Amino acid sequence: MIDFHTHTTLSDGELIPAEQIRRAEVRGYRMLGISDHADLGTMTSIIPMVVEAARRENELGRMKVFGGVELTYVRPVHIAEFVGRARELGAAVVIAHGETIAEPVEPGTNRTAIEAGVDILAHPGLLSLDDARLAARRGVLLEISGKAGHSLCNGHVAQIARAAGAKLIFGSDAHNPAQMPDRAQAERICRGAGLSDEEVQAMFANAEQFGRRIYESIAKS
Ligand SMILES: [Zn+2]
Ligand SMILES: [Zn+2]
């Protein structure tokens, strides 16, 4: 299983990173992202902690763990600054908490996050075709969400991404171990969004490639 979008007690998840990593390993994960919610103030403490948890685990050569961040409710006007600062702090994966229909995220968040070059736009809700086209050009991955509420728009996201030629990625958005799916369940969620089996396999192959690329860049730094 490959999943870059999970939360720990460093934001509103239930497990500390060490337990999250072990629970994911038991669930069959090969690549795990810990991408806690953060804003401009809290990221300076959260990112170094998840990066260190990932670094120590990666020394063991078992799973590949990525210390990332999900910029959450950051005002669009601050998003570009946040993305730059998150990368300076060592975040391996930068995710934006997109404009879900389940929460009042500020309009303009999707567009600004894509323009700022996040790696993944999570649960982008009623994403526009224009924004999906920009995501395709910028190489921003659009998320099919495993989380209740956010997943209400999965079908729309799948359809718009296909029309725009944008790449998709699965993200569990797990806040506890019961929300971490195994690969078969994650594939079922993607199929439920209207994707064909080939599209789902391509999505996971792309996720693996993305993970390998960032893992190599972490190993070099
Ligand atoms: Zn989110
Ligand atoms: Zn999340």
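Hydrogens, waters and symmetry mates are skipped; everything else that's a heavy atom, side chains included, is used. Here the structure is a predicted model, which means the values were calculated and not measured. Whatever order the structure lists ligands and atoms in, that order sets their numbers, starting from 1.
Residue-level check: among N/O/S atoms of H7, NE2 sits closest to the Zn ion (ligand 2). In terms of distance to the Zn ion (ligand 1), the nearest N, O or S atom of H97 is named ND1. Summary: OD1 is the N/O/S atom of D173 found nearest to the Zn ion (ligand 2). For the Zn ion (ligand 2), the nearest N, O or S atom contributed by E70 is named OE1.
In summary, no N, O or S atom of H150 is located under 2.8 Å from the Zn ion (ligand 1). Metal site remark for the Zn ion (ligand 2): H5 contributes an N, O or S atom at a distance under 2.8 Å.
Classified by interplanar angle (parallel below 30°, tilted 30° to 60°, perpendicular above 60°), the ring pair F210/F4 is perpendicular.
V105 is not connected to V83 by any chain of hydrophobic side-chain contacts under 4.5 Å among Ile, Leu, Val, Met, Phe, Trp and Tyr, and they are in different clusters.
The one candidate from I47, L71, I120 that meets the side-chain contact (heavy atoms from CB on, under 4.5 Å) condition with V94 is L71. Partner of D131 under the salt bridge (charged side-chain N to carboxylate O under 4.0 Å, His left out) criterion, chosen from R137, R138, R111: R111.
For E198, the CD atom is loosely surrounded, since the number of other residues' heavy atoms within 6.0 Å does not exceed 12.
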